[in-house]
Visitor: 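Input: one structure, supplied below.
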Protein chains: 2
Amino acid sequence: MSPQPAAPRSRRERPAKPALTRDGIVATAVAIMRDEGLKRVTMRRLAQELDTGPASLYVYVRNTAELHAAILDELLGAVDLSPATTPGDWQDRLVRILSSYTAVLFEHPSLARSALVAMPSGEHYLDLLEALLALLSEGGIPDAQAAWGVDALLQYATSTAAEQSTRDRDGDAQGDWDALTTVLRDVSATTHPRLAALGDDLLSGPGQARLGWGLRVLINGMPHTPRPSTTDTP
Amino acid sequence: MSPQPAAPRSRRERPAKPALTRDGIVATAVAIMRDEGLKRVTMRRLAQELDTGPASLYVYVRNTAELHAAILDELLGAVDLSPATTPGDWQDRLVRILSSYTAVLFEHPSLARSALVAMPSGEHYLDLLEALLALLSEGGIPDAQAAWGVDALLQYATSTAAEQSTRDRDGDAQGDWDALTTVLRDVSATTHPRLAALGDDLLSGPGQARLGWGLRVLINGMPHTPRPSTTDTP
DNA sequence: ACCTGAACACCGTTCAAGT
DNA sequence: ACCTGAACACCGTTCAAGT
């Protein structure tokens with residue numbers, strides 16, 4: 001017979017069923033995401049894992065969007081902020097931090113999609129913002145530009161990761177991306193001369209390279225671009 | 001009695017029930033979105049409107065993502081591309097076209113979210129790309145930068161609209177945005193000095209102003225930022 | 001070929017009622 | 001206060017069967 005006794009288990013074998021607290025809920029959500037993807041991190045699935053009903057979760061989490069934001073903040077603990085206090089070119093160090101941020105998102109691109117809509121506001125996100133602002137300040141970027149610039153950098157990084165989420169997955173959504181590839185290959189040089197001329201180059205390059213380039217474009221452009229005169233500030 | 005006879009209607013009063021073709025399906029989808037929002041544009045709802053079952057739609061549309069992309073391309077017909085062939089500063093004209101693009105997305109921010117994941121590949125999108133590339137070329141941006149730059153510009157515009165989708169809606173997701181506002185107000189000047197110093201300015205300004213600024217940052221940075229040496233080009 | 005009824009396998013969120 | 005059973009109002013997608 002199998003050495004594995006068929007004794008009934010209380011449920012699954014998560015890191016021991018956490019108490020029903022916000023932290024326990026988020027930790028379980030992260031575990032499910034690692035095992036089964038963000039798509040499976042639903043209120044119902046989560047409740048099942050915690051041996052309760054979905055309604056119980058609403059005591060600790062306002063809605064699914066807030067849950068996803070909490071998951072992201074948790075993962076953001078893995079971002080390497082050390083370049084903020086290291087010697088060297090400030091632009092390189094800025095890009096290094098942002099690359100570390102993006103690495104997290106590239107591993108969970110569907111989370112990047114959520115992040116665009118519900119930004120996290122947890123500890124780790126604040127630390128990230130602070131580190132980026134310190135480097136912009138060190139680089140002599142005026143406060144006005146830095147305040148908007150840090151948002152632009154993160155938004156660009158996040159949306160690049162979100163966009164990649166489609167391309168990555170096997171087969172399925174691949175089709176949508178191939179659609180543009182195909183159309184671009186067959187475009188008429190008469191009606192769309194620039195598109196025909198550039199061709200494949202429009203879609204060339206690995207995501208990471210395009211991301212790095214885009215971030216440097218933003219960094220290079222920032223000091224040369226004053227903020228608009230404050231006609232209104234709603 | 002009411003002058004309105006209570007005679008039974010075949011269904012609703014859409015622009016006359018279109019034939020079951022791809023174009024008819026997309027047209028109906030656009031109508032539902034205008035009336036009830038993108039959230040309601042589901043395969044089932046759409047099928048109901050067309051007096052059929054959801055399975056029938058899969059003959060014409062691969063999946064929901066492709067449907068959303070088709071809707072966006074339809075709306076992109078409203079983008080004003082005329083600045084591409086008008087005299088004046090090329091940067092201003094570039095921003096004008098992108099503002100027109102974003103205006104469409106700001107009216108349907110949930111569509112912007114879809115667009116990040118499944119870019120449209122229809123007629124109108126191609127025309128938009130061509131117009132933007134023509135202006136970048138006119139501005140003397142080298143082809144290599146223009147090819148990646150047009151994508152960066154559109155991605156930045158799209159993600160800005162997507163991000164705004166949360167802030168706009170009444171009440172509901174407002175909470176998520178207020179979360180960051182609140183946290184930022186209470187941040188400690190000891191642990192996060194830059195955040196404390198910049199304070200509200202991090203979140204200040206209307207979306208349109210921030211968007212315009214970000215686009216100009218990209219445009220200004222582009223000519224100063226060569227593409228990385230092509231070590232590998234997967 | 002095109003179309004569809006019916007099913008499979010799920011969702012988020014609320015609310016009245018319990019402890 | 002915290003927790004929950006049950007319900008409400010939905011989803012996308014597939015497939016075998018029809019025309």
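Being a predicted model, the structure only gives us computed values, none of them experimental. Here is how names work: the chains are called A, B, and so on, in the same order as the sequence lines, proteins then strands, and each is numbered from 1.
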Visitor: Determine whether the side chains of A:Ser82 and A:Asp80 contain a donor N or O and an acceptor N or O closer than 3.5 Å.
Guide: yes
Visitor: Quick one, B:Leu105 and B:Leu75 - any side-chain contact, counting heavy atoms below 4.5 Å?
Guide: no
Visitor: Which of these, A:Leu111, A:Leu76, A:Leu128, sits in a side-chain contact (heavy atoms from CB on, under 4.5 Å) with A:Pro120?
Guide: A:Leu76
Visitor: What interatomic distance, in whole Å, is found between P of C:dC10 and the corresponding atom of D:dC8?
Guide: 22 Å
Visitor: Please state how far atom CG in B:Leu20 lies from atom C1' in C:dT4, giving the value in whole angstrom units.
Guide: 11 Å
Visitor: Using side chain to side chain donor-acceptor pair (under 3.5 Å) as the criterion, list what pairs up with B:Ser99, not counting sequence neighbours.
Guide: none
Visitor: I need the CD1-C1' distance between A:Ile25 and D:dT4, as an integer number of Å.
Guide: 14 Å
Visitor: When the distance from CZ of A:Arg22 to P of D:dC2 is rounded to whole Å, what number comes out?
Guide: 14 Å
Visitor: Expressed as a whole number of Å, how far does the C1' atom of C:dC11 sit from that of D:dA6?
Guide: 16 Å
Visitor: Scan for salt bridge (charged side-chain N to carboxylate O under 4.0 Å, His left out) pairs involving residues 179-200 of chain A, sequence neighbours excluded, and state none if there are none.
Guide: A:Arg185-A:Asp200, A:Arg194-B:Asp143
Visitor: Could you tell me how far C:dC3 sits from D:dT14 if I compare only their C1' atoms? Round to whole Å.
Guide: 14 Å
Visitor: Just the rounded figure in Å: distance from C1' of C:dC3 to CG of B:Asp51.
Guide: 14 Å
Visitor: Represent DNA chain D in dot-bracket notation, 5' to 3'. Only Watson-Crick or G-U wobble pairs with both distances under 3.5 Å count; pseudoknot-style crossings use [ ] and interstrand partners use |.
Guide: ||.|||||...|||||.||
Visitor: Going 5' to 3' through nucleotides 12-19 of chain C, assign each nucleotide B (protein heavy atom under 4.0 Å from a base atom), S (under 4.0 Å only from sugar-phosphate atoms) or - (no protein heavy atom that close).
Guide: BBBB----
Visitor: For a quick check under 3.5 Å, do A:Thr28 and A:Glu49 share a side-chain donor-acceptor pair by atom type?
Guide: no
Visitor: What's the CG-C1' distance between B:Leu46 and D:dC10, to the nearest Å?
Guide: 16 Å
Visitor: Which atoms form the tightest heavy-atom contact between A:Leu211 and A:Phe106, and what is the distance?
Guide: CD2-CE1, 4.4 Å
Visitor: Could you measure between the two C1' atoms, the one in C:dC2 and the one in D:dA17, and give it in whole Å?
Guide: 13 Å
Visitor: How many whole angstroms separate atom NZ of B:Lys39 from atom P of D:dC10?
Guide: 11 Å
Visitor: Can you list the residues that meet the side-chain contact (heavy atoms from CB on, under 4.5 Å) rule with B:Ala146, with sequence neighbours excluded?
Guide: B:Leu133, B:Leu136, B:Ile141
Visitor: Which pairs pass salt bridge (charged side-chain N to carboxylate O under 4.0 Å, His left out) with one or both residues in residues 147-162 of chain A, sequence neighbours excluded?
Guide: A:Asp151-B:Arg210
